[in-house]
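Data block below; observations after.
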There are 2 protein chains.
Amino acid sequence: MNFQQLRYVRETVRQGLNLTEAAHRLFTSQPGVSRQIKELEDELGVQIFVRRGKRLVGLTEPGKAVVQMVERVLQEAENLKQAAKEYAEQDSGTLAVATTHTQARYSLPRVVAAFRRRYPKVHLLLHQGNPTEIAEMLIGGEADLGIATEALEDYKQLLAMPAYNWSHCVVVPHDHPLANIERVQLEDLVKFPIVTYDPHFAGRSHIDQAFAARGLEPDVVLAAIDSDVIKTYVELGLGIGIVAAVAYDAKRDRGLRALEAGHLFRSNTTRVGIRRGAFLRGFTYSFIELFAPHLTRKLIETSMAGAGENYEL
Amino acid sequence: MNFQQLRYVRETVRQGLNLTEAAHRLFTSQPGVSRQIKELEDELGVQIFVRRGKRLVGLTEPGKAVVQMVERVLQEAENLKQAAKEYAEQDSGTLAVATTHTQARYSLPRVVAAFRRRYPKVHLLLHQGNPTEIAEMLIGGEADLGIATEALEDYKQLLAMPAYNWSHCVVVPHDHPLANIERVQLEDLVKFPIVTYDPHFAGRSHIDQAFAARGLEPDVVLAAIDSDVIKTYVELGLGIGIVAAVAYDAKRDRGLRALEAGHLFRSNTTRVGIRRGAFLRGFTYSFIELFAPHLTRKLIETSMAGAGENYEL
DNA sequence: TATCCTTACGGAATTCGTAAGCATG
DNA sequence: CATGCTTACGAATTCCGTAAGGATA
């Protein structure tokens, strides 16, 4: 049994039981992968994959158990390397953060600036993606840290910690009929075309729920991935916008007016996600704490140790 | 990084930083171990061992962290193999139980008999040792299961689950002055020479505590490792014996008389110990449950998952 | 001086990639 | 017949043991 064999098994599973693709991803030859996997199966004394003729078509019962444990061994091995790096290259290395547009655009700039001042030698990588992609990057080990409002808490492999709560607001042009209304209601909103987030992003689910609960059918004419696109089209008069409150800046967004909407939609919790059982570099804890000061290293370590459900703010 | 290197590091630490001895134990050459360890250090970018001239004299700070994680990787790898075996050789394999004389002699025979009937193809190994040795065999992976009254709960690497409580009794020859006393007291006992367990065994600690709490100084003339030796010398008139109540059998021990002593000494808890994080074969759970029916597989798995303090009955 | 680690070197074993073969959809 | 896994074989690499060297207590 060696690490190479374990990596081959893991990658083959990740690539949907396609040996050729797994070999390609690991920059090696396909027959090599085939043979190594077979040797591992021989050594363990169990078939991992169900083969039909010369195709891999599934995991055997023992195979499922084996794959799970393979993942753990590789995770621990990765942790070992990371722990060594923590000493070998103190305060330098790479931090990969996966996040959504809203966070990258509005919450993270100040964090990134502070972080770079504190850790000038750390190579900071920001990956933008939708919440599902972020979760998958964390699970696959491509990102060390994920920040998103949706999805992260749905994966049991991840620890999703609440960073902060926020509400939506409604943005309209200054000359819009709703511009000077006192306390806007859902019934007011459905009279106009609506511009808001794509279903997978930034609390869109809470928006849909609120309308559905009142039996209202909003006319969403544009579902965007980012707040800036939404604001742009609202300024053009395409409709009224529903965006995260943080995305409205009175100074910058002179053409728009923001209406409180905290009473209309359930508030949202932005979470910081990390892979359970992963070893985190010291500067990763620092980044998290810069982003959400209550998420101290100690708290995170405790949460990791706990068998753990995700908790609420 | 490969498993061989990790095993070399682990064994070197276990052998007190003696490369030669580690190589010997792993049936390989000493230069091989030396080189592989160095290559691992190079790859990780940290020194694991402190070298003075050409001797290994300690672990570096990163080394301590590395060693800990090496242990985890190897443990997970071992678990993987065990899990595969669980499928490959269902209901066959090896179960190594480490235990003390008292357990082996009085509690385990019925368990072993039942187990062998249920799992005729499992190779059952019983290792006898003192509680500390038992704990170390568990930690070193030489035993799957430990049963003892002392020590197991002191190791944080072990999960020690209470199996049953028991008390001591006093045994005397039939013609002894204490033979017909109603409710024997500590003050009665100190008038005679005492024959009991070695300090590391079978609740001896509770015996000493009881006398010390009353300011009494018992005259222990023989400290034995097993109950049979104690009973033999009591029959010879060397003194009065204090043994585990289970060790007295009215039929077999005709020459002796047993006096209740549950009120004199704190009762003792015999525990089942397993290595935390170890994968247990199905028949291992069965053995434990035969020994202590309340320790079900489910309970054990829950206790393992918990970050876990050891608990009491 | 005995113990114990490192370095050097040659042989053995393992690993790996290319090429060819064959089953599936 | 295109895709995808297995088998075969030769080359390259890695691993390992013996022998020699040097440091420490």
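Keep in mind that the numbers below use all heavy atoms, side chains included, and drop hydrogens, waters and symmetry copies. In what follows, chains are A, B, ... by sequence order, proteins preceding strands, each numbered from 1. What you are looking at is a predicted structure, and each value in this text was computed from that prediction instead of being measured.
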Quiz item: Say you draw a straight line from NE2 of H101(B) to OG1 of T99(B); how long is it, rounded to the nearest 0.5 Å?
Solution: 10.0 Å
Self-check item: Nucleotide dT3(C), atom C1' - distance to CG of L17(B) in whole Å
Solution: 15 Å
Self-check item: Spacing of R55(A) atom CZ relative to dG4(D) atom P, expressed in whole Å
Solution: 7 Å
Self-check item: Listed once per pair and sorted, the salt bridge (charged side-chain N to carboxylate O under 4.0 Å, His left out) pairs that draw on residues 24-39 of chain A, sequence neighbours left out
Solution: E21(A)-R25(A)
Quiz prompt | Between dT15(C) (P) and L40(A) (CG): distance, integer Å | solution = 12 Å
Exercise. Apply the side-chain hydrogen bond (donor to acceptor under 3.5 Å, both in side chains) test between E78(B) and each candidate in Q75(B), K81(B), Q82(B); give the one that qualifies.
Key: Q82(B)
Quiz item: Relative to the 5' end of DNA chain C, which residue comes earlier, T20(B) or V57(A), by the nucleotide with the nearest heavy atom?
Solution: T20(B)
Self-check item: Student check: side-chain heavy atoms of L80(B) and L6(A) closer than 4.5 Å
Solution: yes
Quiz item: Are any non-hydrogen side-chain atoms of D226(B) and F201(B) less than 4.5 angstrom apart?
Solution: no
Quiz item: Phosphate oxygens OP1/OP2 of dG25(C): is one of them under 4.0 Å from a side-chain N or O of R52(A)?
Solution: yes
Quiz prompt | NZ/NE/NH1/NH2 to OD/OE distance under 4.0 Å, E11(B) and R7(B) | solution = no
Quiz prompt | Gap separating the CG atom of L74(B) from the CG atom of N79(B), nearest 0.5 angstrom | solution = 11.0 Å
Quiz prompt | Inter-axis angle, terminal five-pair segments of the helix from dT1(C)-dA25(D) to dG25(C)-dC1(D) [nearest 10°] | solution = 40°
Quiz item: Atom CD of E43(A) and atom P of dT14(C): how far apart are they, to the nearest Å?
Solution: 12 Å
Practice problem: Could you check V97(A), I147(A), L126(A) and say which one makes a side-chain contact (heavy atoms from CB on, under 4.5 Å) with Q103(A)? | Solution: I147(A)
Exercise. For E21(B) and dC4(C), give me the distance from atom CD to atom C1', rounded to whole Å.
Key: 12 Å
Practice problem: Using a 4.0 Å heavy-atom cut-off, write out nucleotides 6-16 of chain D from 5' to 3' as B (base contacted by protein), S (sugar-phosphate only) or - (no contact). | Solution: BB-------SB
